[in-house]
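Quick note: residue numbers are just sequence positions, from 1.
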Amino acid sequence: VQLQASGGGLVQAGGSLRLSCTASGRTFSSYAMGWFRQAPGKEREFVAALSWSGGTTSYADSVKGRFTISRDNAKNTVYLQMNSLKPEDTAVYYCVAGPRLRVGATAYDYWGQGTLVTVSS
């Protein structure tokens, strides 16, 4: 599976962005998908994930109520809608795919190249 993330950019605090991740290769619909992020000088952290069907989701506490993860299996694409962005959301966001929904990074076999999100105060 190859993952291509897009949609990052510069936004003011309180604004919104939608990240997209398009997969190619093996059957996309059989994988759990998710997003991780890594801010400068900080460790990589879990953001959100959803099951292969999209019926089960999981969010980090820091983004609950502000971010929404979704997928369109017909388009081989997973989305991360980010609202009410804060400066502390600034990070490189990575799209991931794996056999099941987990919050640990080691559960995901495939990683995209990352897309930078910068939130100005």
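What you find for Ala23 and Leu3 is that their closest heavy atoms are CB-CD2, 3.6 Å. Closest approach of Val117 and Met82 over heavy atoms only: CG2-CE, 3.8 Å. Across every non-hydrogen atom of Thr115 and Ala5, the tightest pair is CG2-CB, 4.2 Å. Contact between Ala49 and Tyr108 at its shortest, heavy atoms only, is CB-OH, 3.5 Å. Taking each heavy atom of Ala13 and Ser121 in turn, the nearest pair found is CB-CA, 4.4 Å. Contact between Ala107 and Pro99 at its shortest, heavy atoms only, is O-CD, 3.6 Å.
Here the CG-CH2 distance, from Leu50 to Trp52, works out to 11.5 Å after rounding to the nearest 0.5 Å. Going from atom CG of Leu17 over to atom CG of Leu10 covers 8.5 Å, rounded to the nearest 0.5 Å. Going from atom CD of Gln12 over to atom OG of Ser120 covers 5.0 Å, rounded to the nearest 0.5 Å. Note that CG of Leu116 and OG1 of Thr90 are 8.0 Å apart. Values are rounded to the nearest 0.5 Å. Distance check: Ser24 OG to Gln4 CD gives 8.5 Å after rounding to the nearest 0.5 Å. With rounding to the nearest 0.5 Å, the separation of CG in Asn73 from OG in Ser53 is 8.5 Å.
In this structure the side chain of Thr77 reaches within 4.5 angstrom of the side chain of Ser20, judged on heavy atoms. Looking at heavy atoms from C-beta onward, Leu19 lies in side-chain contact with Trp35 at the 4.5 angstrom threshold. Within the 4.5 Å cutoff, side-chain heavy atoms of Val78 are placed close to those of Ile69. A heavy-atom distance below 4.5 Å is found between the side chains of Met33 and Cys95. Side chains of Leu80 and Thr68 form no contact here, defined as non-hydrogen atoms less than 4.5 Å apart. Considering only heavy atoms from C-beta on, Leu101 comes within 4.5 Å of Ser58 through its side chain.
In this structure, Phe36 has its ring center closer than 6.0 angstrom to the ring center of Phe46.
Both cation-pi conditions hold for Arg71 and Phe28: the charged atom is under 6.0 angstrom from the six-membered ring centre and inside a 45 degree cone around its axis.
At a cut-off of 3.5 Å, with distance as the only test, no side-chain donor of Tyr79 or Arg18 sits close to an acceptor on the other residue. Between the side chains of Ser16 and Asn83, a donor-acceptor pair is found at a separation under 3.5 Å.
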Passes side-chain contact (heavy atoms from CB on, under 4.5 Å), Arg37 versus Arg44? Steps please. CA-CA 6 Å; Arg37 68 185 182 186; Arg44 182 175 52 192; over 6 Å; no
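Under a hydrophobic clustering in which Ile, Leu, Val, Met, Phe, Trp and Tyr are joined whenever their side-chain heavy atoms come within less than 4.5 Å, directly or via other members, Tyr59 and Leu85 fall into the same cluster. Under the 4.5 Å side-chain contact rule for hydrophobic residues, Val47 and Val92 do not share a cluster. Using a 4.5 Å cut-off between side-chain heavy atoms of Ile, Leu, Val, Met, Phe, Trp and Tyr, with links allowed through other members, Val63 and Tyr94 fall into different hydrophobic clusters.
Pairs passing the disulfide (SG to SG under 2.5 Å) check and including a residue from residues 38-84, sequence neighbours excluded, do not occur.
Arg102 places no side-chain N or O within 3.5 Å of a backbone atom of Gly98 that could act as its donor or acceptor partner.
Lys64 and Asp61 are joined by a salt bridge, as a carboxylate oxygen and a charged side-chain nitrogen come within less than 4.0 angstrom of each other.
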